[in-house]
Amino acid sequence: MAETKKSSSTKTTTTSSSSKKSSFWGLNKISFYTIGAVAILYLISLILSACNVSSTAVMALQNIGTAIMVGIVAYLAWKYVRSKPTVWKVLYFVLLLVILAGIIVPLVMG
């Protein structure tokens, strides 16, 4: 008597943790549009600088671009840190204060 082996083929679907989520405002899209907006601000400030327009307007545009980028990066960093232990949160705030001081102090001193 011959034994018959049944071969069952089962499809298993695995979802990886790095799978793409389909959302309207994904991280990649936000990053791209932020870079585009800040590049436009820097381009305008470059043109104004070449036309010898007051340096206050040029610096204001550059500072707005920097503030936008720091704000978005700080938000994304907080999303990473908020589930971490307290040490990470303290480090986050210390780094954020250093960055803000590095932006504000030269403006006040200059």
Under a 4.5 Å side-chain heavy-atom rule over Ile, Leu, Val, Met, Phe, Trp and Tyr, are [X] and [Y] clustered together?
X      : Y     : answer
Tyr75  : Ile68 : yes
Leu100 : Leu95 : no
Val105 : Val94 : no
Trp78  : Ile99 : no

Heavy-atom closest pair (Val58 atom, Val53 atom, distance to 0.1 Å) is CG2-O, 4.5 Å
Atom pairs and distances, donor-acceptor, side-chain atoms in residues 82-91, under 3.5 Å, two or more places apart:
residue : atom : partner : partner atom : Å
Lys89   : NZ   : Arg82   : O            : 3.2

[atom1] of [X] to [atom2] of [Y]: how many Å apart, nearest 0.5 Å?
X     : Y     : atom1 : atom2 : result
Met69 : Ser31 : CE    : OG    : 11.5 Å
Thr56 : Asn63 : OG1   : CG    : 10.5 Å
Ile47 : Leu61 : CD1   : CG    : 11.0 Å
Met59 : Leu48 : CE    : CG    : 13.5 Å

Donor-acceptor contact below 3.5 Å, side chain Tyr92 vs main chain Ala74: yes
Tabulate below the donor-acceptor pairs under 3.5 Å that side-chain atoms of residues 33-44 make, not counting sequence neighbours, or state none.
residue : atom : partner : partner atom : Å
Thr34   : OG1  : Ile30   : O            : 2.7
Tyr42   : OH   : Thr66   : OG1          : 3.0

